[in-house]
Structure formats: structure tokens, C-alpha cells
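One-based numbering, in listed order, for ligands and for the atoms of each. Sequential numbering from 1 along the given sequence is applied to the chain's residues.
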Amino acid sequence: MKRATLIVLAGAAAAALAGCAGMDQSASSGNPFETASFQSILKKDFVSKGQATVDRLQQTPAQEACSKYAYLGQPMPADLSKQIEAQATAGVVYPKDGQYMGDWKAGLKIAEDGKGMQWSDKPGTPNGGNCLACHEMIKNDPSQGNIGPSLLHYGKLRGNSEAILKYTWERIYDSQAFNACSFMPPFGANHILTEQQMKDVMALLMDPKSPVNAD
Ligand code: HEC
């Protein structure tokens, strides 16, 4: 839950700062994250602790572009969003053995687990996927989030053709392949989940026996 909240807050902070960007001389790039006032707030309020180091605040080129446009509600130039999406697509690594599906029971635990990569987590231990913080996946579970679309009955509705398996894998690996400014964490590209863990959440979405596809 925490990671999802942080992502959303980052977007909200960008939007809030846009309001005062005009007062800051260094706002010429249009990205409120680059303004001197915002950078000094970051330096003052964030410190490295354990594996959660402040270099995480360094924006990728895609995040910079999204801070300038999408997160402020401005349309991004089409060639820029296409370029970000093409780069994300080119970076996708598919399962080495060609098998997309793992164990849905392990996938459910990963989808429910919001731990990992925080200063208090032991480095090297497996991370969770926190899917349920953003997606409805299980019927009648009131604790699920709605930042992302409902994935209830995902496999039942879409089938398990090669095209759907490939699309779903790419979505989980790096959602920016489809939406340059996606809020969904790039689970493969940022090494949040291992290949096996991604297979397990694939099975959670697609396996007919998984609770996602139960009536
Ligand atoms: C921080 C919120 C967030 C988290 C966590 C998250 N997602 Fe998403 N997801 C989204 C959003 C938002 C979309 C809608 C598309 C977009 O904006 O990129 C999406 C889209 C998707 C889609 C495509 C849906 C469609 O209709 O084609 C799939 C599949 C998916 N997510 C699976 C997952 C899985 C599996 C996990 C956990 C490993 C996960 N998501 C974690 C926010 C999230």
C-alpha cells in the first residue's frame, strides 16, 4: 500500500508545485521537480536509510518528461510518448524457457504482499508485487484498491492466447511499454519481481483455478 501511495503523492506534489512554479526563476524547463525550491525541499527532508537511498529521487528521462506533461495534466508530444513506449518495449525480457505461467497460489501471496525495497526490509529478500493495492482481483474483497482497472475474471474474459500471454507479461514487466506515464511499477525492468514471481502473478491472472477467475 505504501509504494502505491508514494507514487500517487509524487504526482500530487508535482501538480501542487506547478501552481508556484511561476515564482521560481529555475522553472524554465517546465518540470516542477527541477525547480530550486523543490530540490531544496528534497535535500532537506529526505535522507538515505539502509537500502532506501536518496539516489532514488533522481528522475529517469521518462519520469522527467511525465513530470513536465502528463502529471500536470498537459498533453505530451506524441513523438515523445511513442519514444518512451518503444524504449520500454525494447527492454522487455521474456521468460527464458518460453513458459509464461507459474503457480497461482504463490502469485496470490505476491499480489497481496506490499513489502520490499524499503529501508526496513532486509536487502536480498523477495519483494511483493502489491497488485491488490491498485487492482480489484478477487471478488468481494473490500481491501482492494482502484488506481488501476479491475482485473477480476482477467483470464476468463481474455483467454490465454499467445498474444494475451505476451501482452500481460509486457504489462507486468514494464507498463510504460503501453502508457509512457503509467502509474504501474515496472516490475521486471526495475527488478522488483524475479522472472519466477512474474510467472506466478501471470498464473494468478490466467489460471482457470485461480480465485481471479472463480465465479
Ligand atoms: C501503483 C498502482 C499499481 C500497482 C501496484 C499495479 N498496477 Fe497494474 N495497472 C495500474 C494502472 C494505473 C493500470 C492501467 C494502465 C496504465 O495506466 O498503465 C494497470 C494496468 C494493468 C494491467 C493491464 C490491464 C488491461 O486491462 O489490459 C495488468 C494486466 C496489470 N496492471 C497487472 C498488474 C499486476 C499483476 C500487478 C502486481 C504484480 C500490478 N498490476 C500492480 C496500476 C498498478
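- The shortest N/O to N/O separation between Asn179 and ligand 1 falls below 3.5 Å.
- Using cut-offs of 30° and 60° for the angle between ring planes, the Phe33 and Phe38 rings count as perpendicular.
- Neither the backbone nor the side chain of Ile110 has a heavy atom within less than 4.0 Å of ligand 1.
- For residue Met184, an N/O/S atom approaches atom 8 (Fe) of ligand 1 to within less than 2.8 Å.
- Any N or O atom pair closer than 3.5 Å counts here, and Asn130 shares no such pair with ligand 1.
- Proximity to Pro185 (heavy-atom distance under 4.0 Å) selects the following atoms of ligand 1: 1 (C), 3 (C), 4 (C), 5 (C).
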Show the numbers, then the answer: is there a side chain to side chain donor-acceptor pair (under 3.5 Å) between Asp79 and Gln83? CA-CA 6 Å; Asp79 54 344; Gln83 189 193 320; over 6 Å; no
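- Listed by atom number, the atoms of ligand 1 under 4.0 Å from Phe183 heavy atoms are 1 (C).
- Near Cys131, with a cut-off below 4.0 Å to any heavy atom, the atoms of ligand 1 are 34 (C), 35 (C), 36 (C), 37 (C), 38 (C), 39 (C), 41 (C).
- Of the possible donor and acceptor atoms, none in the side chain of Asn127 sits under 3.5 Å from a partner among the backbone N and O of Leu193.
- With hydrogens and angles left out, the side-chain atoms of Ser182 and Ser175 include a donor and acceptor closer than 3.5 Å.
- Using a 4.5 Å cut-off between side-chain heavy atoms of Ile, Leu, Val, Met, Phe, Trp and Tyr, with links allowed through other members, Ile164 and Trp169 fall into the same hydrophobic cluster.
- Every atom of ligand 1 is numbered from 1 in the order shown, and the set under 4.0 Å from a heavy atom of Tyr167 is 23 (C), 25 (C), 27 (O).
- Ligand-side atoms of ligand 1 in range of Ser175: 18 (O), range being under 4.0 angstrom from any heavy atom.
- When distances to atom 8 (Fe) of ligand 1 are checked against a cut-off of 2.8 Å, His135 contributes an N, O or S atom below that limit.
- Inter-residue side-chain proximity for Met101 and Met206 is flagged as met; some heavy-atom pair is nearer than 4.5 Å.
- Close contacts between ligand 1 and Arg158 involve ligand atoms 25 (C), 26 (O), 27 (O) [criterion: under 4.0 Å to a heavy atom].
- Between Glu64 and Lys68 there is no salt bridge, since no side-chain N of the basic residue sits under 4.0 Å from a carboxylate O of the acidic one.
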Does Tyr154 form a side chain to side chain donor-acceptor pair (under 3.5 Å) with Ser210? I'd like the steps, not just the answer. CA-CA 10 Å; Tyr154 187 86; Ser210 143; over 6 Å; no
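- Heavy atoms of Phe187 found under 4.0 angstrom from ligand 1 belong exclusively to the side chain.
- Between the side chains of Gln63 and Tyr71, no donor N or O sits under 3.5 Å from an acceptor N or O.
- Looking at Pro149, Gly107, Gly114 and measuring to atom 14 (C) of ligand 1, the nearest heavy atom belongs to Pro149.
- Within the listing of ligand 1, atoms 10 (C), 11 (C), 12 (C) sit less than 4.0 angstrom from a heavy atom of Gly148.
- Counting non-hydrogen atoms of other residues, nucleotides and ligands closer than 6.0 Å to CG of Asp55 gives a total above 12.
- Residue Ile147 has at least one heavy-atom neighbour below 4.0 Å for each of these atoms of ligand 1: 12 (C).
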